[in-house]
Student: 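Below are the structure tokens for one structure; questions will follow.
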Amino acid sequence: MKNLCLLAALTLLAGCGSGGNWGWYVIDPTTPKGMSNITFLLNGFGATILLSVIAAVLSMVIGLMVALPGMSSNRWIRLPSRIYIEFIRAIPLLPMLFWVFYGLPVVLKSIGISVSIDAFWGAIITLAISDSAFTAEIYRSGIQSIARGQTEAAKTIGLTYSQTMRYVILPQAIRRILPPLANQFIYIVKMSAFASVIGMQELTRRANELVVTEYRPLEIYTLLILEYLVLVLIISFFVRWLERKMGADESR
């Protein structure tokens with residue numbers, strides 16, 4: 001479906017490139033060269049999606065681990081969570097990416113752990129950590145929006161704190177935080193473009209490489225924008241479907 005949408009848009013653009021300084025021929029699906037360039041760019045979808053999904057899953061796990069202590073009534077349990085969230089949110093993504101990719105192996109080596117971090121895992125670690133601070137705040141707001149009576153009712157029937165969270169609070173909170181979590185996933189998909197600066201072969205990196213060989217930045221980056229647009233629209237459609245399904249289950 002996404003390929004058909006892109007090809008239709010590119011065919012239309014190719015028709016506009018017959019005059020002036022336009023160079024839509026570089027991504028014209030009706031020519032072998034244009035189709036080869038399109039295929040090269042589309043092959044970056046897999047890396048972008050895989051990178052984004054793994055980073056999003058890790059972000060949600062880390063965010064939950066940070067959010068739960070952050071709601072403790074004990075100040076000393078709550079403090080590390082707040083420090084983590086405020087510290088991570090203050091760091092721009094690009095400097096963090098450089099630090100993880102270039103600096104983290106040096107730090108690990110200094111303590112006797114020799115580990116090399118490639119571009120793929122460097123981008124995943126960076127995106128997961130950066131997004132986890134925002135995800136933790138989403139979890140916190142969602143959990144705290146559940147009426148306190150739910151927790152008290154769980155205690156009266158003998159549920160422990162972990163059981164209360166697992167069976168009572170989190171299932172209700174997930175329905176409420178699904179839209180902001182989806183927004184964070186879209187954010188991760190778009191921010192995955194930064195992985196291109198450390199050599200990750202995703203959508204943006206492939207577009208940059210093609211610009212170097214074809215010298216047509218306008219046309220190639222237009223296709224890149226269309227690729228991200230289609231990807232985000234697909235994610236948004238799936239999230240709306242999931243919201244309707246979960247809403248229907250909740251109403252029964």
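The chain is numbered in sequence order, starting from 1.
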Student: From Ile117 CD1 over to Leu104 CG, what is the distance, rounded to the nearest 0.5 angstrom?
Tutor: 4.0 Å
Student: Can Glu152 and Arg148 be counted as an ion pair, charged N to O under 4.0 angstrom?
Tutor: no
Student: Among Ile124, Asp131, Val53, Asn183, which one satisfies side-chain contact (heavy atoms from CB on, under 4.5 Å) with Ile188?
Tutor: Asp131
Student: Hydrophobic cluster membership, with links at side-chain heavy-atom distances under 4.5 Å among I/L/V/M/F/W/Y: are Tyr187 and Leu178 in one?
Tutor: no
Student: Judged by atom type as modelled, is there a donor-acceptor pair below 3.5 Å linking the side chain of Asn43 to the main-chain atoms of Thr39?
Tutor: yes
Student: Is the CE atom of Met96 crowded by more than 12 outside heavy atoms at less than 6.0 Å?
Tutor: yes
Student: Mark yes or no for whether Gln163, through its side chain, and Thr160, through its backbone, hold a donor-acceptor pair below 3.5 Å.
Tutor: yes
Student: Looking only at heavy atoms, what is the nearest atom pair of Met35 and Pro29, with distance?
Tutor: SD-O, 3.9 Å
Student: Can a donor-acceptor pair be found, under 3.5 Å and without considering hydrogens, that links the side chain of Ser141 to the backbone of Glu137?
Tutor: yes
Student: Arg206 side chain to Phe40 main-chain N or O, any donor-acceptor pair under 3.5 Å?
Tutor: yes
Student: Quick check: is Leu68 connected to Ile83 through a chain of hydrophobic side chains (ILVMFWY, heavy atoms under 4.5 Å apart)?
Tutor: no
Student: Verify, without hydrogens or angle tests, whether Asn37 (side chain) and Val26 (backbone) share a donor-acceptor contact under 3.5 angstrom.
Tutor: yes
Student: Has Thr48 got a side-chain atom pairing as donor or acceptor with Gly44's backbone, closer than 3.5 angstrom?
Tutor: yes
Student: Hydrophobic clusters here meaning ILVMFWY residues chained together by side-chain heavy-atom distances under 4.5 Å, can you tell me if Leu224 and Ile220 are in one?
Tutor: yes
Student: Minimum heavy-atom separation for Val212 to Tyr215, with atom names?
Tutor: O-CZ, 3.4 Å
Student: State whether the side chain of Ser81 and the backbone N or O of Val66 hold a donor-acceptor pair below 3.5 Å, judged by distance alone.
Tutor: yes
Student: Side chain of Arg176, backbone of Ser145: donor and acceptor closer than 3.5 Å?
Tutor: yes
Student: Got a second to check how far Ile27's CD1 is from Thr222's OG1, nearest 0.5 Å?
Tutor: 6.5 Å
Student: Do other residues, nucleotides or ligands put more than 12 heavy atoms under 6.0 Å from Arg82 CZ?
Tutor: yes
Student: Taking all non-hydrogen atoms of both residues, which atom of Ala47 and which atom of Met200 are closest, and how far apart?
Tutor: CB-CE, 3.7 Å
Student: Is there a donor-acceptor pair under 3.5 Å between the side chain of Ser72 and the backbone N or O of Pro69?
Tutor: no
Student: Please report the closest heavy-atom contact between Thr204 and Ser196, naming both atoms and the distance.
Tutor: CG2-OG, 3.8 Å
Student: Which atom pair, heavy atoms only, marks the closest approach of Phe101 to Asp118?
Tutor: CE1-C, 3.6 Å
Student: Looking only at heavy atoms, which two atoms of Ser192 and Glu202 are closest? And how far apart?
Tutor: O-OE1, 3.7 Å
Student: Going hydrophobic residue to hydrophobic residue with side-chain gaps under 4.5 angstrom, can you get from Ile177 over to Phe238?
Tutor: yes
Student: Would you indicate whether the side-chain heavy atoms of Tyr25 and Lys33 approach each other to under 4.5 Å?
Tutor: no
Student: Where the side chain of Ser130 meets the backbone of Thr126, is there a donor-acceptor pair that is under 3.5 Å apart?
Tutor: no
